[in-house]
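No hydrogens, no waters, no symmetry mates; every other heavy atom, side chains included, goes into these values. All figures in this text were calculated on a predicted structure; none of them were measured in a lab.
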Amino acid sequence: MSAPLLSIQKLEAAYGQIVALKGVDLDIMPGEIVTVIGGNGAGKSTTMMSVFGRPRASAGKIIFDGQDITHKPAHEIARMGLAQSPEGRRIFPRMSVLENLQMGASVDGMAHFQADLERMFDIFPRLKERIDQRGGTLSGGEQQMLAIARALMSRPRLLMLDEPSLGLAPLVVKQIFDVIADLNRNDGLSVFLVEQNAFHALKLAHRGYVMVNGQITLSGTGRDLLANPQVRAAYLEGAH
Amino acid sequence: MSPSMSITRALREAGFAGLVAAGLAFPILTLGTEMDQSNRLVLEQRWSWMAIAAGLVFVGRFLVLAFARKPARAAPHTGARVLSPALAAALPRAGVIALFLFPMVMLFWLGPQGSLKWINNYGVQILIYVMLGWGLNIVVGLAGLLDLGYVAFYAVGAYTYALLSTHFGLSFWICLPLAGLMAASWGAMLGFPVLRLRGDYLAIVTLAFGEIVSAVLTNWSDFSNGKAGIMSIPRITFFGLPFNANENGFAATFGLEFQAIHRTIFLFYLILALALITHVVTLRLRALPVGRAWEALREDEIACRSLGINTVNTKLTAFALGAMFAGFAGSFFAVRQGFVNPDSFTFMESATILAIVVLGGMGSQLGVALAAVVMVGGTEVLRELTFLKQIFGSSFDPSLYRMLLFGLAMVVMMIWRPRGLISSRAPSVFLAQKKSVSGTHVQEGHG
Ligand SMILES: Nc1ncnc2c1ncn2[C@@H]1O[C@H](COP(=O)(O)OP(=O)(O)O)[C@@H](O)[C@H]1O
Ligand SMILES: [Mg+2]
């Protein structure tokens with residue numbers, strides 16, 4: 001078995017007095033889609049954000065590609081091949097779609113900007129139509145596409161997505177998840193997916209973790225977790 | 001357009017506004033203090049003033065409510081009305097050409113005496129604020145870092161030239177880059193402690209920074225000669241040739257008759273060049289990664305971090321660059337006045353420059369320039385209104401009403417164009433042909 005691409009070990013993190021993570025262990029192998037599911041406030045977003053150093057890990061380690069990145073600044077982590085699309089998409093609203101994509105490519109100095117831009121147009125044809133439009137005027141689905149495309153512009157080896165399905169119509173969610181599956185299958189992109197939409201996430205992911213109150217309570221293959229009665233009761237009832 | 005409100009409702013709301021005005025006017029206008037013969041302060045009551053203020057507000061509010069279109073509904077559609085895109089594109093070039101011709105035209109038209117006021121009070125004075133506005137625009141408009149102490153860097157530049165030239169005899173042309181460097185390093189120095197602050201907190205710390213610089217200049221007399229300031233700062237030279245009547249002076253060297261206006265015209269071109277450099281550098285940087293990162297930072301800092309943008313460097317460069325241009329402007333100020341003291345670098349100056357940036361439409365170069373013309377030019381125009389003395393008596397000084405006009409301009413702008421004179425933001429790159437990305441519809445926050 002090969003070494004994990006991202007390994008989070010006994011990670012603890014806090015916002016002032018509020019302890020959000022109480023020892024999280026999580027591995028992502030190269031080429032894997034791994035999802036973290038859990039209720040509101042479980043600490044999913046915090047886990048993802050602390051990989052980029054905010055909030056800082058108060059204990060534990062984060063290893064990416066064999067290197068300890070726990071105390072590295074965010075821009076160095078990004079340069080190692082990690083990209084993040086934070087919760088709420090966070091498009092630059094007054095900047096055009098093209099400028100948003102440029103911001104994603106600035107990590108490696110826009111070295112392969114033109115080629116990557118064409119690739120994004122292949123993956124998300126909608127973005128080509130909207131290229132000179134302001135990010136803030138896109139629909140929710142288009143914004144999510146832009147957020148993913150923007151993160152992909154740095155040619156990451158691991159893509160971290162926080163709730164890409166948030167507030168989107170089921171059809172658009174399916175579209176987005178299909179793109180993630182394609183990227184993983186065709187390009188071998190590893191994906192760390194944080195979701196509340198447990199059903200879709202577990203169907204897509206190779207493996208999943210269930211997070212409750214700052215701790216991992218369950219883990220297994222996507223299929224196993226989907227069949228797990230506890231998971232069904234807590235996260236899937238009425239979801240489809 | 002149809003009236004937006006029934007007359008009775010407008011009357012009721014206008015009455016309310018009038019009451020509020022009366023309440024505000026009571027402590028400010030009604031109660032006044034006067035000195036009596038034995039130099040004691042006595043309280044004076046001026047109820048008529050309050051009545052007039054309340055009446056004006058009532059009538060004004062009533063007219064707006066009853067007969068004006070609703071601003072909230074009208075605002076989103078006024079995007080292109082103030083400046084059509086074609087005009088907005090042609091205006092800067094025409095403006096630059098006009099500015100180059102301005103002193104010459106004035107000189108031929110009004111002669112050396114008559115043109116002095118126009119070139120100096122309007123030309124040079126406005127251009128200083130255009131430059132300061134553009135410099136602050138990098139920090140506030142582009143990078144979105146609210147800086148209330150910008151005048152500190154202006155002071156650093158002015159004192160750099162004043163001290164280096166009076167103590168070490170360095171020429172302006174050596175001190176100009178030094179002043180920029182000095183101010184830039186102070187900008188970076190302010191940047192470090194405020195890296196983690198945003199919005200209100202940043203504003204408070206930068207405000208304090210401006211006050212500290214001015215307090216140091218006032219109180220550290222050994223260094224800055226305190227309140228008295230630094231006098232007889234060497235005047236500008238034409239790259240070494242002094243503007244005087246000597247035979248090695250500028251006029252004699254070029255075979256001209258000596259005139260004081262030569263210096264003023266040279267100062268005009270100097271500040272014009274400095275302002276244009278500020279503008280061109282800003283435009284170029286906007287198209288480079290660092291400039292784009294400024295704007296991204298203004299839009300969403302968390303997104304910047306997650307895209308691996310070095311937010312520390314981005315903020316520091318914005319602070320340092322903005323400060324550098326203030327430093328240039330400061331040394332220009334010192335060489336123009338020949339005298340500096342802390343009174344020129346008060347919070348009022350920071351507020352004026354910030355008002356220019358905000359009124360111009362944060363981030364718009366043209367808007368900032370127009371706002372500087374209106375604000376600073378307006379102040380100069382006030383000075384001209386001497387005929388008002390005949391109406392209000394000889395002690396009436398119209399230029400004291402400058403702040404009132406600023407306030408009025410702010411209020412009118414907030415109603416009419418809440419995002420500033422020019423709120424459309426042109427993207428720095430296009431894939432296909434040029435289209436303006438209008439900012440008028442953008443909502444705050446994250447869509
Ligand atoms: N910026 C913040 N400041 C303080 N507390 C926060 C902040 N962000 C999240 N929290 C708290 O940390 C805990 C975990 O939040 P989060 O990671 O956002 O959960 P999830 O993404 O699973 O919904 C919650 O209790 C939340 O209230
Ligand atoms: Mg979350």
Side-chain angles (χ1 to χ4, degrees), chain A residues 48-49 51-54 73-110 113-114 117 121 128 130-140 142-143 147 150-151 153-154 156 160 162, chain B residues 76 79 141-144 195-196 286-316 361-364 419-420 423-447:
Chain A
M48 208 181 96
M49 297 302 281
V51 173
F52 267 60
R54 197 166 287 180
H75 61 272
E76 283 181 28
I77 297 171
R79 213 175 298 143
M80 294 173 66
L82 235 122
Q84 190 188 41
S85 164
E87 186 171 353
R89 305 189 259 274
R90 292 190 174 269
I91 294 302
F92 301 119
R94 298 230 295 162
M95 298 171 87
S96 71
V97 169
L98 183 61
E99 286 173 313
N100 267 279
L101 292 173
Q102 279 187 333
M103 293 320 299
S106 57
V107 172
D108 56 359
M110 312 263 293
F113 182 71
Q114 213 52 44
L117 190 63
F121 289 162
K128 186 168 188 175
R130 311 264 173 218
I131 193 72
D132 287 335
Q133 195 171 321
R134 258 178 307 115
T137 61
L138 299 178
S139 74
E142 289 164 347
Q143 286 194 7
R150 188 175 66 174
M153 289 301 283
S154 64
M160 306 199 284
D162 195 345
Chain B
L142 293 182
L195 277 173
R196 311 205 57 177
R286 251 200 76 194
L288 293 178
V290 58
R292 247 181 282 123
W294 289 336
E295 291 199 78
L297 189 70
R298 172 194 68 199
E299 306 275 290
D300 195 324
E301 186 169 349
I302 291 178
C304 281
R305 277 177 52 81
S306 67
L307 294 175
I309 293 160
N310 188 335
T311 51
V312 170
N313 284 358
T314 306
K315 285 185 191 182
L316 287 183
M362 309 255 261
S364 158
R419 291 191 151 261
S423 55
S424 66
R425 174 189 171 278
S428 57
V429 280
F430 292 94
L431 198 63
Q433 79 269 45
K434 206 169 164 102
K435 260 184 271 164
S436 170
V437 175
S438 169
T440 32
H441 289 278
V442 177
Q443 303 295 311
E444 291 296 340
H446 321 293

Taking all non-hydrogen atoms of both residues into account, name the closest pair between A:V97 and A:R130 and its distance.
CG2-O, 3.2 Å
Atom CZ in A:R90, atom SG in B:C304: separation rounded to 0.5 Å?
10.5 Å
Side chain / backbone / both / neither for A:S106 at chain B, heavy atoms under 4.5 Å:
side chain
Separation between CG (A:N100) and CD1 (A:I91), nearest 0.5 Å, reads 5.0 Å
Side chain / backbone / both / neither for A:M49 at chain B, heavy atoms under 4.5 Å:
side chain
Pick from B:L307, B:T311, B:I302, B:N313 with the largest number of heavy-atom pairs that fall under 4.5 Å of chain A
B:L307
Quick one: does any side-chain atom of B:K315 pair with a main-chain N or O of B:L195 as donor and acceptor, under 3.5 Å?
yes
Answer with side chain, backbone, both or neither: which region of A:L117 has an atom nearer than 4.5 Å to a non-hydrogen atom of chain B?
side chain
Within residues 288-295 of chain B, residues adjacent to chain A where the heavy-atom gap is under 4.5 Å
B:R292, B:A293, B:E295
Donor-acceptor contact below 3.5 Å, side chain A:E99 vs main chain A:S96:
yes
Answer yes or no: is there a donor N or O on one side and an acceptor on the other, between the side chain of B:D300 and the main chain of A:F92, under 3.5 Å?
no
Which residues share a side-chain contact (heavy atoms from CB on, under 4.5 Å) with A:A74, sequence neighbours left out
A:F52, B:R305
Evaluate the side chain to side chain contact (heavy atoms under 4.5 Å, CB included) criterion for residues A:M95 and A:Q102: first the C-alpha distance (whole Å), next the side-chain angles of each, then the deciding distance (0.1 Å), finally the verdict.
CA-CA 10 Å; A:M95 298 171 87; A:Q102 279 187 333; over 6 Å; no
Would you mind checking which part of A:M110 comes under 4.5 Å of any heavy atom in chain B, side chain (CB onward), backbone (N, CA, C, O), both or neither?
side chain
